[in-house]
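Here the structure is a predicted model, which is why all the values come from computation and not from measurement. Both ligands and their constituent atoms are indexed starting at 1 by order of listing.
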Amino acid sequence: MKFVGASSLFAVTPGMAADTTTPHIVVVGGGFSGATCAKYLKMWGGSSVNVTVIETNPTYVSPILSNLVLNGQKTISDLSFTYGDLSSKYAVNMIHSTVESVDKTNQSLTLANGHSVKYDKLVLAAGMDFIKVNDYDVTKVPHAWKAGEQTNLLKAQIDAMVDGDTFTMTIPPAPYRCPPGPYERACVVADYLKNVKGFANCKVNVLDANAKITVEADTFGAKFAEYGVEYKPSTTVTAVDDSTKTLTYTENNESKTLSSTVLNVIPKQKAASIVFKTGVNSGNWAPINPLSYESVLTSGIYIIGDSQGTGQPKAGHIGNSEAKVCADAILRTLNGVTLYDSPKTNSACYSPTSST
Ligand SMILES: Cc1cc2nc3c(=O)[nH]c(=O)nc-3n(C[C@H](O)[C@H](O)[C@H](O)COP(=O)(O)OP(=O)(O)OC[C@H]3O[C@@H](n4cnc5c(N)ncnc54)[C@H](O)[C@@H]3O)c2cc1C
């Protein structure tokens, strides 16, 4: 499908020629959902749209497969991607800066680099953020749930463990990024310590805020039994002490503490901060129309990927599907065409549980 024609909307991006007739679609975030949306907007919209991605980092580090950095099967560089193809193959404009605020009245974004960018349609594809229980230091208690430096920090802590040490991780209440990911991590780390390092006396604890393993329970349950992982469901973390690596948590309405050599707290999650700054959240996530991913709170603003507030899982694969539905819907809207009434999205996660 190729859309033609343009509205008479106005858009200006710094360093680019002003074009007074071609709609300017700005995508905030160049992760799985944002990069896909930008690509399909240009593939399907061609020269009828100008598309700009504003992304903080020049290199994207994929969280997918990042648990395999912990056991040495992958490196962060294996999971790192740049944006050259988006510009050279699809004529997407790239700006590397952080969007600090959105002026919905003037349809303008303010960037950390001091520039402002006008948009006709805005896609927020900014991932997710954390809700920490207290202000502890994430360099001492890494989450490693955004891949990159955090993943390397956690790997270094695991590699410094000696036989008899303890690794404890916590799983936040659903919804969170990558439903099977935490269980996968527990398996990968337990296998690494016991079978690769040969540490028969290391202990792996998993404290899960959910009442049971949320996905693939048979597979992960069997692996936990095989590796001797101690799994505690329905546990809520109430405090993290980064200096003593001690957790305070509740289990069966009782407050308990647990100290560990390595503490990997994956905090509770919410939509990315730019979603809150834009005022398109309701509670922790952004409510959208699933036919278009347009905000139900502000027209012309679309939210895809982890920040969207449907019941769909928060995963890269489905973020890619959402991005295509959104790109199609934006182009239909710009061209006065009715939205497709039954878009389908799907999701599959690849879950390694050992190094073999
Ligand atoms: C260990 C692990 C394993 C996983 N495995 C799988 C798997 O097997 N399959 C699967 O489908 N999913 C998996 N996932 C989940 C997947 O990685 C995420 O769901 C996916 O990355 C979400 O895509 P996104 O585009 O919403 O956000 P992201 O990929 O986080 O991209 C958001 C981008 O927005 C940028 N950004 C944020 N705010 C701003 C701003 N204000 N201005 C400019 N840029 C901004 C960020 O820098 C980032 O690059 C896994 C996740 C983890 C942690």
Side-chain angles (χ1 to χ4, degrees), residues 26-38 52-71 74 79-83 94-102 109-113 115 117 122-130 142-148 150-151 154-155 169 171-172 175-189 215-216 264 266-267 269 271-278 285-286 293 302-309 312-323 326 345-353:
V26 175
V27 180
V28 179
F32 282 100
S33 59
T36 305
C37 190
T52 299
V53 171
I54 306 176
E55 161 59 50
T56 302
N57 301 305
T59 302
Y60 178 73
V61 183
S62 166
I64 297 179
L65 296 182
S66 65
N67 282 333
L68 295 184
V69 172
L70 303 178
N71 69 1
K74 296 274 179 205
L79 305 178
S80 297
F81 302 90
T82 51
Y83 292 95
M94 283 300 307
I95 297 175
H96 288 296
S97 187
T98 298
V99 175
E100 294 197 321
S101 63
V102 177
L109 309 175
T110 302
L111 312 192
N113 66 9
H115 288 134
V117 176
L122 177 64
V123 180
L124 300 179
M128 58 77 187
D129 275 317
F130 298 114
H143 50 76
W145 217 239
K146 292 188 180 183
Q150 274 281 308
T151 321
L154 184 60
K155 176 169 178 49
M169 62 178 290
I171 302 176
Y176 57 84
R177 162 176 284 186
C178 192
Y183 307 102
E184 164 193 312
R185 175 173 292 173
C187 292
V188 165
V189 172
V215 280
E216 299 173 39
N264 172 213
I266 304 172
Q269 291 162 32
S273 66
I274 194 64
V275 169
F276 287 80
K277 288 180 184 170
T278 310
W285 307 101
Y293 290 82
Y302 298 74
I303 303 102
I304 55 174
D306 286 355
S307 285
Q308 54 74 29
Q312 297 175 106
K314 301 186 183 302
H317 184 174
I318 202 161
N320 172 284
S321 293
E322 293 164 11
C326 178
T345 53
N346 55 359
S347 183
C349 280
Y350 172 73
S351 289
T353 53

Colleague: Please determine if Ser307 has a nitrogen or oxygen closer than 3.5 Å to a nitrogen or oxygen of ligand 1.
Modeller: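 Ser307 vs ligand 1: no N/O contact under 3.5 Å.
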Colleague: Does Ala348 have a heavy atom less than 4.0 Å from any atom of ligand 1?
Modeller: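 The answer is yes, since Ala348 has a heavy atom less than 4.0 Å from ligand 1.
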Colleague: For side chain to side chain contact (heavy atoms under 4.5 Å, CB included), just list the numbers for Val61 and Ser66, CA-CA rounded to whole Å, side-chain angles, deciding distance to a tenth of an Å, and then say yes or no.
Modeller: CA-CA 9 Å; Val61 183; Ser66 65; over 6 Å; no
Colleague: Taking the minimum heavy-atom distance to atom 15 (C) of ligand 1, which of Cys178, Ala112, Gly29 ranks first?
Modeller: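 Checking each option, the heavy atom nearest atom 15 (C) of ligand 1 is found in Cys178.
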Colleague: State if Ala315 counts as touching ligand 1 under the rule of any non-hydrogen atom under 4.0 Å.
Modeller: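 Yes, Ala315 has heavy atoms under 4.0 Å from ligand 1.
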Colleague: What atoms of ligand 1 come closer than 4.0 angstrom to any heavy atom of His317?
Modeller: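 Listed by number with element, the hits are 10 (C), 11 (O).
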Colleague: Under 3.5 Å, is there a donor-acceptor pair between the side chain of Lys314 and the main chain of Gly127?
Modeller: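 The answer is no, because no donor-acceptor pair under 3.5 Å joins these two groups.
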Colleague: Show the atoms of ligand 1 that are less than 4.0 angstrom away from any heavy atom in Gly31.
Modeller: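 The list of qualifying atoms is 25 (O), 29 (O), 31 (O), 33 (C).
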Colleague: Below a 4.0 angstrom heavy-atom separation, can you tell me which part of Ser97, side chain or backbone, both or neither, approaches ligand 1?
Modeller: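 The answer is the backbone.
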Colleague: Under a 4.0 angstrom heavy-atom cut-off, which atoms of ligand 1 come close to Asn57?
Modeller: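 So the atoms of ligand 1 that pass are 47 (O).
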Colleague: Is any N or O atom of Thr56, backbone or side chain, closer than 3.5 Å to an N or O atom of ligand 1?
Modeller: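 Such a contact does occur with ligand 1.
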Colleague: Are any of the N/O atoms on Ser33, whether in the backbone or the side chain, positioned under 3.5 angstrom from an N/O atom of ligand 1?
Modeller: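 Yes, there is a polar N/O contact under 3.5 Å.
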Colleague: Report the member of Arg177, Gln308, Lys146, Lys277 with the shortest heavy-atom distance to atom 30 (O) of ligand 1.
Modeller: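 Among Arg177, Gln308, Lys146, Lys277, the closest heavy atom to atom 30 (O) of ligand 1 belongs to Arg177.
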Colleague: Counting each atom of ligand 1 from 1 as listed, which ones have a heavy atom of Asn67 under 4.0 Å away?
Modeller: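 Reading through ligand 1 atom by atom, the close ones are 1 (C).
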Colleague: With the side chain counted from C-beta on, respond yes when Met169 and Pro182 share a heavy-atom pair under 4.5 Å apart, and no when they do not.
Modeller: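 Side chain of Met169 against side chain of Pro182, heavy atoms only: contact under 4.5 Å found.
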Colleague: Is Ile318 touching ligand 1 with its side chain, its backbone, both, or neither, if touching means heavy atoms under 4.0 Å apart?
Modeller: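 The answer is neither.
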Colleague: Given Ala147, Ala272, Pro63, which one has a non-hydrogen atom that is nearest to atom 3 (C) of ligand 1?
Modeller: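 Answer by nearest heavy atom: Pro63.
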Colleague: Where is the nearest protein heavy atom to atom 38 (N) of ligand 1: which residue, which atom, and how far?
Modeller: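 Protein heavy atom with the smallest distance to atom 38 (N) of ligand 1: Ala126 CB, 3.5 Å.
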Colleague: For ligand 1, which atoms, with element, lie under 4.0 Å from some heavy atom of Thr98?
Modeller: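 Near Thr98, the atoms of ligand 1 are 40 (C), 41 (N), 42 (N), 43 (C).
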Colleague: Judging by distance only, is a nitrogen or oxygen of Met128 under 3.5 angstrom from one on ligand 1?
Modeller: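 No, no N or O pair falls under 3.5 Å.
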Colleague: Any atoms of ligand 1 less than 4.0 Å from a non-hydrogen atom of Ala125? List them with their elements.
Modeller: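 Matching atoms, with element in brackets: 32 (C), 33 (C), 34 (O).
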Colleague: Numbering the atoms of ligand 1 from 1, which are under 4.0 Å from a heavy atom of Val28?
Modeller: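 Those atoms are 40 (C), 42 (N), 43 (C).
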Colleague: For ligand 1, is there an N or O atom under 3.5 Å from any N or O atom of Glu55?
Modeller: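 For ligand 1, there is an N or O atom that lies under 3.5 Å from one belonging to Glu55.
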Colleague: Within a distance under 4.0 Å of any heavy atom of Gly305, pick out the atoms of ligand 1 and give their elements.
Modeller: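 Under 4.0 Å from Gly305, ligand 1 has these atoms: 26 (O).
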Colleague: So between Gly316, Gly127, Gly30, whose heavy atom ends up nearest atom 20 (C) of ligand 1?
Modeller: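 Answer by nearest heavy atom: Gly316.
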Colleague: Can Ser66 be said to touch ligand 1, with heavy atoms closer than 4.0 Å?
Modeller: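 The answer is yes: ligand 1 sits under 4.0 Å from a heavy atom of Ser66.
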